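Okay, so here's the structure we're looking at.
Here the structure is a predicted model, which is why all the values come from computation and not from measurement. Labels below follow one simple rule: chain letters A, B, ... track the order of the sequence lines, proteins then strands, and each chain is numbered from 1.
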Amino acid sequence: MIDPKLIREDLEGLRRLIEKRNMTGVVDIDYLKEISDMRKELSGRSDELREKRNRISKEIGIRKSKGGDTEEIMKEVQGISDELKKMDEEINSINEKYNELHLTIPNILDESVPEGKDEKDNTVVRTWGEKRKFSFTPRPHYDIGTEMNILDFERGTKIAAARFYVYRGLAARLERALLNFMLDLHTGEHGYTEIFGPLIVNDESMTATGQYPKFKDEYYRLEKDGLSLIPTAEVTLTNLYRDEILEMEDLPVYVTMQSSCFRREAGAAGRDTRGLVRVHQFQKVELVKFVDPATSSEELEKLTANAEEVLKRLDLHYRVVLLSSGDTSASSSKTYDIEVWMPGLDRYLEVSSCSNFIDYQARRAMIRYRESKGAKPKYLHTLNGSGLAAGRTLAAVIENYQKGDGTMDIPDVLKSYLR
RNA sequence: GGAGAAUUGUCCGAGUGGUCUAUGGAGGCGGUCUUGAAAACCGUUGAGCUAACUGCUCCGGGGGUUCGAAUCCCUCAUUCUCCGCCA
């Protein structure tokens, strides 16, 4: 959610923002402005009416207690309540419309975000390491894993559906090692507090982080309970402080959580159909920060570096990509993707997406802070990033550490976790 | 899942139809006093809307009754106690 003042005061700025994001036609900004004005007009009138009613009702009370006559004055106020009721109904439906539209407005973009239509306009900001050299043609992880009998896609499909998988033996142990390694790194060296919380959350939580209402088809929702499976621990972590006011000395808050993530991948039919790249259930270590707004851009750099550190220690070549305006997700102000090199797939693969949401999520979630004792609460800034997606990282490890003889090496940093 | 009780401001807690713009206490902040601190005393202390107000909203959420609801009714949620079931 953006600052509602912008709707009233900088409509043209918003129009440019929508264009930059390639969302013209998706968000009707003029209609929103119209609704916003109507809303203001109506609530002003209903406030006045309410003031009148309150005043007269109070007067009735005073007269009654003095034993005076109230018949005349009661007639005066008679119709007001009905009128108010009608007006409130109108206001409610306008409010609903307004909120709905307001929630669809994307976040303000950071100035450093390159203008562009889609992922083709993203810019590589740095690379680390080099593409590993092989004396044989490297194969994709799903072939190696299937052959080694550590990845089993057929049984995953049998038990659940397409895009599910089974890990057996080494793959299961490697993924567990990866998760533990990542958590230990972030808690031990990067200052994050480990959290574990709900994997199933209510609609308020999904809305606060921006999953609902727009992308409902992307997620698994348990209709009977009104709850949803989380697509990322970002939802759980960011909602930790929903509707709360933090003190300045509490900031910054760094939290991390390992979780399973559930995604319907609606609309991804035919894309990445093989292997661990695009699945309905995977595990991930998530990093979330709650920070003083003045520090959020440098916090994004640090958070990205925290995620990169995982790949460095696994000795996996990667690049960091700054997403263009058209590719940056609606709730983010600026996003870096970290893409690991997959020699078998012969492409880079996103294993982390690190974003600064500035006050966008904080507004939706009502997460605020006080600059000093007694000061007015202000919205803080939230950031998050994967640190990292375990399934894809496992795939990268398999592809990069394959030996060509049906076996693989183990990254040094994971060896102590596999004993 | 069943029965009962509860949900009030940072916390505790009063309020069961009419100046509640919510009593009181604790805690926080400011002050007086003191060499300093404590104690005592005085003052202050929730959030949102609004250009602003002596204006409006918020007493778990939603709805209703009424000229008027923290207070009455309905409904949902949560918490606690007891019972049932259970890793």
Table of protein N/O atoms under 3.5 Å from nucleotides 26-28 of chain B N/O atoms:
none

Enumerate the protein-to-nucleotides 16-22 of chain B contacts in which both atoms are nitrogen or oxygen and the separation is below 3.5 Å.
| from | atom 1 | to | atom 2 | distance (Å) |
| --- | --- | --- | --- | --- |
| B/rG18 | O6 | A/Lys64 | NZ | 3.1 |
| B/rG18 | N2 | A/Ser57 | O | 2.8 |

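Taking the P atoms as reference points, B/rC72 lies 41 Å from B/rG30, given to the whole Å. Spacing of P atoms, B/rA37 relative to B/rG28, comes out at 15 Å, to the nearest Å. Comparing the same atom, C1', in B/rA14 and in B/rG68 gives a spacing of 22 Å after rounding to whole Å. Comparing the C1' positions of B/rU79 and B/rG61 gives an interatomic distance of 15 Å, to the nearest angstrom. Taking atom C1' in both B/rU23 and B/rG48, the straight-line distance is 25 Å, to the nearest Å. Here, B/rC85 and B/rG27 have their C1' atoms 44 Å apart, quoted to the whole Å. Between B/rU21 and B/rU16, the distance separating the two P atoms is 15 Å to the nearest Å. Rounded to whole Å, the separation between the C1' atoms of B/rC58 and B/rC20 comes to 14 Å.
Separating the CD atom of A/Glu247 from the C1' atom of B/rC29 is a distance of 13 Å, rounded to the nearest angstrom. The distance between atom CG of A/Asn202 and atom P of B/rU78, rounded to the nearest whole Å, is 10 Å. Put simply, CG on A/Asp203 is 19 Å from P on B/rC76, counting in whole angstrom units. Regarding A/Leu84, its CG atom lies at a distance of 16 Å from the C1' atom of B/rG64, rounded to whole Å.
Stem regions annotated for RNA chain B: B:1-7 with B:77-83, B:10-12 with B:24-26, B:27-32 with B:40-45, B:46-49 with B:55-58, B:60-64 with B:72-76, counting only runs of 3 or more consecutive pairs of Watson-Crick or G-U type with both contacts under 3.5 Å.
Test A/Thr146, A/Leu394, A/Val277 against A/His141 for side-chain contact (heavy atoms from CB on, under 4.5 Å) and you get one pass: A/Val277.
The environment of A/Lys403 atom NZ is dense: over 12 non-hydrogen atoms of other residues, nucleotides or ligands sit within 6.0 angstrom. Atom CD of A/Glu249 has more than 12 neighbouring heavy atoms from other residues, nucleotides or ligands inside a 6.0 Å radius. Within 6.0 Å of the NZ atom in A/Lys117, the count of heavy atoms belonging to other residues, nucleotides or ligands does not exceed 12. Sparse packing is recorded around NZ of A/Lys378, with 12 or fewer heavy atoms of other residues, nucleotides or ligands lying under 6.0 Å away. Atom CD of A/Glu111 has 12 or fewer heavy atoms from other residues, nucleotides or ligands within 6.0 Å. No more than 12 heavy-atom neighbours from other residues, nucleotides or ligands sit within 6.0 angstrom of CZ on A/Arg168.
Taking the centre of each ring, A/Phe153 and A/Tyr142 stay at or above the 6.0 Å mark.
In this structure, A/Lys302 does not pair ionically with A/Glu298, as no charged nitrogen and carboxylate oxygen lie closer than 4.0 Å. Salt-bridge formation is detected for the pair A/Arg278/A/Glu265: a Lys NZ or Arg NE/NH1/NH2 atom is positioned less than 4.0 Å from an Asp or Glu carboxylate oxygen.
Rounding to the nearest 0.5 Å places CZ of A/Arg263 at 7.0 Å from OH of A/Tyr219.
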- Item | Per-nucleotide protein contact string for nucleotides 44-60 of chain B (B base, S sugar-phosphate only, - none; heavy atom under 4.0 Å) | ---SS-SS---BSS---
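Residue pairs meeting the side-chain hydrogen bond (donor to acceptor under 3.5 Å, both in side chains) criterion with at least one member in residues 23-32 of chain A, sequence neighbours excluded, are A/Arg15-A/Asp30.
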- Task: Take A/Ser112 and A/Lys334 through the test side chain to side chain donor-acceptor pair (under 3.5 Å) and record every step on the way to the result.
- Result: CA-CA 8 Å; A/Ser112 62; A/Lys334 178 177 182 176; 2.8 Å; yes
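Taking A/Phe262 as the reference, nothing meets the ring pair (Phe, Tyr, Trp, His ring centres under 6.0 Å) condition, with sequence neighbours excluded.
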